[in-house]
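Notes follow once the structure below has been shown.
Along the sequence shown, residues carry numbers from 1. Whatever order the structure lists ligands and atoms in, that order sets their numbers, starting from 1. Here the structure is a predicted model, which means the values were calculated and not measured.
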Amino acid sequence: MKHFKFEEFRCRCCGGLPLLARANIESLVDNVLDPAREQFGGPVSVNSGYRCPKHNLEVGGVVNSQHIKGEAADITAGSPEENKRLAEILEQNGNYDQMIKYLNKDGGIRFIHVSWKRFGPNRKQRLISKI
Ligand SMILES: [Zn+2]
């Protein structure tokens, strides 16, 4: 946990971050987010980290969303161009279970969903979703 704080990953509705989710977030940061942030060289913010099941439903997350386990985060580096560079770094590093690029109507990357399973296996699955 070098470039990120647990506070950034708390549930947006209730501030929750259960112990198990906290351990998973720490693994996500150490293996995926911190190395990418280091290479990116600029600020990366967390739009959504851990979600309690209620909040996950409210924001339309899938029932088995990795956000509920603290295995996933939605991150942004700011502009679509910066997000593109951040996504390329994540892809090159190859450390992720699932990575979903959420695109604006014009094709720019609005944010990146990235997940990591602490005890594996990590699928290295890449998807694109249009908002
Ligand atoms: Zn909540």
Side-chain angles (χ1 to χ4, degrees):
M1 296 287 287
K2 184 179 175 193
H3 292 287
F4 297 88
K5 298 185 177 114
F6 285 114
E7 301 309 312
E8 298 172 80
F9 297 89
R10 290 187 177 278
C11 181
R12 293 297 184 256
C13 86
C14 59
L17 185 61
L19 276 180
L20 182 59
R22 190 182 169 95
N24 288 337
I25 289 290
E26 183 168 23
S27 185
L28 171 70
V29 170
D30 289 346
N31 289 283
V32 185
L33 301 186
D34 263 347
R37 164 65 182 77
E38 192 82 31
Q39 285 169 262
F40 182 71
V44 173
S45 54
V46 179
N47 292 348
S48 179
Y50 168 73
R51 293 177 192 157
C52 72
K54 174 175 155 276
H55 182 56
N56 187 59
L57 279 181
E58 281 166 1
V59 297
V62 292
V63 173
N64 59 349
S65 168
Q66 290 184 289
H67 284 283
I68 297 173
K69 301 178 201 161
E71 289 179 341
D74 295 342
I75 57 174
T76 178
S79 69
E81 291 73 27
E82 288 168 313
N83 284 336
K84 182 167 181 276
R85 193 160 71 81
L86 179 60
E88 285 166 0
I89 290 169
L90 286 162
E91 285 168 8
Q92 278 167 16
N93 289 354
N95 271 352
Y96 52 86
D97 178 50
Q98 192 182 53
M99 176 175 153
I100 310 174
K101 292 187 257 192
Y102 282 86
L103 307 186
N104 293 319
K105 286 203 176 73
D106 64 6
I109 303 175
R110 189 191 288 187
F111 67 89
I112 304 160
H113 168 104
V114 66
S115 68
W116 175 255
K117 290 182 193 168
R118 184 157 51 119
F119 300 113
N122 285 285
R123 299 169 288 174
K124 288 199 186 190
Q125 184 181 60
R126 281 189 292 169
L127 299 170
I128 289 174
S129 178
K130 285 171 188 157
I131 301 171

Task: Heavy-atom side-chain proximity of Arg118 to Leu20 below 4.5 angstrom - done: yes
- [ ] Using ring pair (Phe, Tyr, Trp, His ring centres under 6.0 Å) as the criterion, list what pairs up with Phe111, not counting sequence neighbours.
- [x] Tyr102
TODO: Report yes if some heavy atom in the side chain of Ser115 is under 4.5 Å from a heavy atom in the side chain of His113; otherwise report no.
DONE: yes
Open item on the list: Restricting to under 2.8 Å, identify the protein N, O or S atoms around the Zn ion (ligand 1) as residue plus atom.
Closed with: Cys11 SG, Cys13 SG, Cys14 SG, Cys52 SG
Task: Heavy-atom check, side chain of Glu26 versus side chain of Phe6, under 4.5 Å - done: yes
Task: Flag if over 12 foreign heavy atoms under 6.0 Å of CG, Leu127 - done: yes
- [ ] Would you kindly confirm whether Phe4 and Ile112 end up in one hydrophobic cluster when ILVMFWY residues are joined by side chain heavy atoms under 4.5 Å apart?
- [x] yes
